[in-house]
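Notes for the one structure printed next.
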Amino acid sequence: MGKNKAKGQKQKNVFHVANKNITKAKSKAKPVTTSLKKINIVNDEKVKMVNKIFTDVQKEVKQLSKAISSDPPKRHLIPKLPEREPTNVDAAANLLSQL
């Protein structure tokens, strides 16, 4: 069954040519660096602006925390409910038995 397999296969070359397609012309590189520089400049400006905003917010938070810490803490009083009369278990049992 497997006797005919050897006839169809070719023996591979021992030596392999590395650059077979030398005839293709390589395309020239396009000027990308100028647009990248513009993008980097814009990004740097945005980062500086955001950093400035965050430092301002951080200063405001520090001022607010100092103002809050100087005030004495106010305790919220929870109103206590007036004590009720103890429930009458015997009366409840009588009402349930009447059902």
Side-chain angles (χ1 to χ4, degrees):
M1 293 173 81
K3 295 178 183 177
N4 295 332
K5 286 186 179 180
K7 292 181 183 177
Q9 294 179 347
K10 293 184 180 180
Q11 192 175 21
K12 293 185 178 181
N13 292 337
V14 177
F15 299 103
H16 180 69
V17 178
N19 294 327
K20 289 182 182 178
N21 300 330
I22 298 175
T23 58
K24 288 185 178 179
K26 293 183 179 179
S27 60
K28 293 184 178 179
K30 296 179 181 178
V32 178
T33 56
T34 56
S35 62
L36 285 177
K37 287 181 182 177
K38 290 177 185 176
I39 291 172
N40 286 337
I41 291 170
V42 171
N43 285 343
D44 289 340
E45 290 174 358
K46 288 181 182 179
V47 167
K48 287 179 184 177
M49 183 182 65
V50 170
N51 282 341
K52 184 179 178 182
I53 292 171
F54 279 129
T55 53
D56 293 341
V57 169
Q58 190 176 18
K59 288 177 184 177
E60 289 177 11
V61 168
K62 284 183 181 179
Q63 290 175 354
L64 289 174
S65 65
K66 287 180 182 178
I68 291 173
S69 65
S70 64
D71 294 337
K74 296 180 180 178
R75 294 186 180 182
H76 297 288
L77 297 176
I78 301 173
K80 293 184 179 180
L81 297 175
E83 294 184 18
R84 297 186 206 167
E85 297 178 11
T87 55
N88 192 353
V89 180
D90 294 329
N94 286 336
L95 289 174
L96 284 175
S97 64
Q98 289 177 0
L99 292 175

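All figures in this text were calculated on a predicted structure; none of them were measured in a lab.
Of the residues listed (Val50, Asn51, Asp44), the one engaging Val47 in a side chain to side chain contact (heavy atoms under 4.5 Å, CB included) is Asn51, and it is the only one.
Scored by the side chain to side chain contact (heavy atoms under 4.5 Å, CB included) test, Asn88 finds Asp90, Ala91 as partners (sequence neighbours excluded).
The distance from the CD atom of Glu60 to the OG1 atom of Thr55 is 10.0 Å, given to the nearest 0.5 Å.
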